[in-house]
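Okay, so here's the structure we're looking at.
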Amino acid sequence: MYLTDYHTHSLCSPDGKCPLTAMAQAAVDAGLAELCVTDHWDLVREMGDGLILDYDWTGVLEQVAQARAVFDEHTLKIRMGMELGSGQRSPEHADAVLAKVDVDFVIGSLHNMTAENGGRDFFFVEYTAPEVCYAALDDYFTSMEQLAPLDCYDVLGHIIYPLRYFPEAFHISLDDYWERLEPILKTVVAHGKGIEVNTYRGKTLSEWKPVLELYRACGGELVTTGSDAHVTSSVGKGIPEAMELLRSCGFRYVTTYERRQPQQHKL
């Protein structure tokens with residue numbers, strides 16, 4: 001089984017805690033064949049108070065060079081990526097930043113509410129009632145509809161993202177959103193893009209099954225797997241299980257990227 005973790009964060013992310021060399025060693029210990037570092041660049045500030053329209057690649061380039069000096073490609077393939085947040089807010093700035101380096105892979109993520117609803121990161125919203133949760137999902141998929149046809153990403157990141165913050169007592173699901181998600185996924189497929197299975201450090205797996213089934217029904221074949229690790233102990237968490245889930249949903253391959261070109265590996 002070709003195990004890959006394509007959603008990880010090093011010291012170059014604001015919430016990252018470990019150097020990439022340490023993350024890479026954890027990947028080797030977990031039996032991974034490839035590791036992609038996808039440090040954060042969110043165009044929207046956490047509290048929604050303004051945009052960040054540029055990104056300095058220096059730290060990431062240094063981290064990748066250091067890690068590749070320690071681990072050759074026969075031991076671990078190390079790819080350089082980015083988790084790009086809210087690219088739809090300024091696609092021209094996103095494209096300009098991505099053009100600065102030979103980036104391998106870009107996750108198109110949405111962490112923030114729309115500007116009309118304050119722009120705050122979903123993490124900081126107070127989910128006091130089910131109506132608040134569903135309003136957040138409405139807002140989330142509005143942004144995803146804007147992001148889907150753009151070229152500033154390779155896979156849509158953690159499609160079920162807001163669910164991780166909702167109180168379990170409310171029993172919120174995506175059951176009311178499949179008809180809205182279907183045209184989004186068809187747009188993703190039509191533009192040659194993919195999606196990821198984000199295991200949230202091994203915490204979410206079964207939740208992905210209906211998403212994967214819908215994506216496959218829309219003709220989707222490009223799927224990456226990622227742990228969303230921010231520390232070494234989380235690298236690779238849930239990845240073998242994600243591979244089995246892909247196989248159970250009828251997928252034949254897991255996807256990796258080099259210079260933003262997809263490569264398929266048999267499951």
Side-chain angles (χ1 to χ4, degrees), residues 4-8 36 38 40 42 44 81-89 105-114 121-123 125 127 133-150 152-166 172-229 238-239 241-243 245-246 248-251 254-255 257 262:
T4 66
D5 195 338
Y6 260 60
H7 193 138
T8 65
C36 187
T38 53
H40 285 289
D42 280 280
V44 183
M82 167 182 278
E83 183 175 10
L84 171 62
S86 298
Q88 82 286 352
R89 290 290 299 271
F105 175 63
V106 184
I107 301 171
S109 290
L110 298 164
H111 299 113
N112 297 72
M113 303 279 279
T114 58
D121 192 308
F122 290 98
F123 176 80
V125 177
Y127 300 105
C133 300
Y134 285 116
L137 285 173
D138 289 341
D139 184 274
Y140 183 64
F141 287 112
T142 293
S143 293
M144 197 177 295
E145 288 163 349
Q146 297 167 359
L147 176 62
L150 301 180
C152 60
Y153 73 96
D154 298 311
V155 303
L156 282 185
H158 44 47
I159 289 172
I160 62 175
Y161 176 69
L163 295 180
R164 66 175 66 169
Y165 301 126
F166 298 160
I172 306 299
S173 73
L174 296 183
D175 287 349
D176 294 335
Y177 291 88
W178 300 124
E179 289 186 1
R180 190 167 181 186
L181 184 56
E182 182 175 359
I184 292 174
L185 294 179
K186 286 182 176 178
T187 298
V188 168
V189 172
H191 285 77
K193 308 299 184 180
I195 67 172
E196 71 162 355
V197 175
N198 185 306
T199 74
Y200 189 30
R201 301 182 280 283
K203 299 176 185 178
T204 57
L205 285 160
S206 61
E207 296 90 337
W208 282 101
K209 186 175 177 61
V211 177
L212 289 169
E213 290 174 339
L214 180 58
Y215 175 62
R216 180 166 165 74
C218 292
E221 294 185 345
L222 303 178
V223 187
T224 61
T225 55
S227 66
D228 215 338
I239 298 301
E241 295 84 354
M243 298 288 191
L245 180 61
L246 286 174
S248 73
C249 290
F251 290 91
V254 65
T255 310
Y257 284 80

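In what follows, residues are counted from 1 in the order of the sequence shown.
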Please tell me if the side chains of M243 and V254 come closer than 4.5 Å, counting only heavy atoms from C-beta onward.
-> yes
Work out which heavy atom in C133 is nearest to a heavy atom in Y127; give both atom names and the distance.
-> SG-CB, 3.9 Å
Any chance you could lay out the side chain to side chain contact (heavy atoms under 4.5 Å, CB included) test for L222 and V155, step after step, and finish with the verdict?
-> CA-CA 8 Å; L222 303 178; V155 303; 5.6 Å; no
Distance under 6.0 Å and angle within 45° of the ring axis: does R180 meet both against F141?
-> no
Exercise: identify the closest heavy-atom pair between V188 and A148 | CG2-CB, 4.3 Å
If you measure from CD1 on I239 to NE2 on H7, what distance do you get to the nearest 0.5 Å?
-> 10.5 Å
Is a donor on one side and an acceptor on the other found under 3.5 Å between the side chain of D42 and the backbone of V44?
-> no
Interatomic spacing from CD in Q88 to SG in C152 - rounded to 0.5 Å = 8.0 Å
Is L137 close to I172 at the side-chain level, that is, under 4.5 Å between some pair of heavy atoms?
-> yes
Under 3.5 Å donor-acceptor, D228 side chain and R201 backbone | no
Return yes if some donor-acceptor pair links the side-chain N/O of T38 with the main-chain N/O of T8 below 3.5 Å, else return no.
-> yes
For the atom pair CD1 (I159) and OG (S109), what is the distance rounded to the nearest 0.5 Å?
-> 10.0 Å
State which residues pass side-chain hydrogen bond (donor to acceptor under 3.5 Å, both in side chains) with S173; sequence neighbours excluded, sorted by chain then number.
-> D175
Measure from the side-chain N and O atoms of T199 to the backbone N and O of T204, and report whether any donor-acceptor pair falls under 3.5 Å.
-> no
Mind telling me whether H158 and Y161 have parallel, tilted or perpendicular rings, with 30° and 60° as the class edges?
-> parallel
Nearest heavy atoms of C218 and L185, plus distance in Å | SG-CB, 4.0 Å
So, does D139 use its side chain to make a donor-acceptor pair with the main chain of T114 at under 3.5 Å?
-> yes
Is a donor on one side and an acceptor on the other found under 3.5 Å between the side chain of Y153 and the backbone of G85?
-> no
Side chain proximity check, Y134 to F166, heavy atoms < 4.5 angstrom | no
For T4, the side-chain hydrogen bond (donor to acceptor under 3.5 Å, both in side chains) test, sequence neighbours excluded, returns T225
Taking the six-membered ring for Trp, is the centroid-to-centroid distance between F123 and H111 below 6.0 Å?
-> no
Are the side chain of Y6 and the backbone of Y257 linked by a donor-acceptor contact shorter than 3.5 Å?
-> yes
Please round to the nearest 0.5 Å and tell me the distance separating atom CG of L84 and atom NE2 of H40.
-> 11.5 Å
Apply the test side chain to side chain contact (heavy atoms under 4.5 Å, CB included) to residues Y200 and I160: give CA-CA distance (whole Å), side-chain angles for both, the deciding distance (0.1 Å), then the verdict.
-> CA-CA 10 Å; Y200 189 30; I160 62 175; over 6 Å; no
Quick one: do L156 and I184 satisfy side chain to side chain contact (heavy atoms under 4.5 Å, CB included)? Show the steps, please.
-> CA-CA 10 Å; L156 282 185; I184 292 174; 4.1 Å; yes
Separation between CH2 of W208 and CG of L245, rounded to the nearest 0.5 Å = 10.0 Å
Would you call the rings of Y215 and F251 parallel, tilted or perpendicular, where under 30° means parallel and over 60° means perpendicular?
-> parallel
Start with the C-alpha gap between L110 and Y140, add the side-chain angles, then the distance that decides, and say whether side chain to side chain contact (heavy atoms under 4.5 Å, CB included) holds.
-> CA-CA 7 Å; L110 298 164; Y140 183 64; 3.6 Å; yes
I195 and L212, any side-chain heavy atoms less than 4.5 Å apart = yes
When rounded to the nearest 0.5 Å, the distance separating OG of S206 from CD of E241 is 11.5 Å
Is a side-chain donor or acceptor of D5 paired with a backbone partner of S227 at a separation under 3.5 angstrom?
-> yes
Applying salt bridge (Lys or Arg N to Asp or Glu O under 4.0 Å), which residue pairs with at least one partner in residues 204-224 are found, sequence neighbours left out?
-> K209-E213, E221-R252
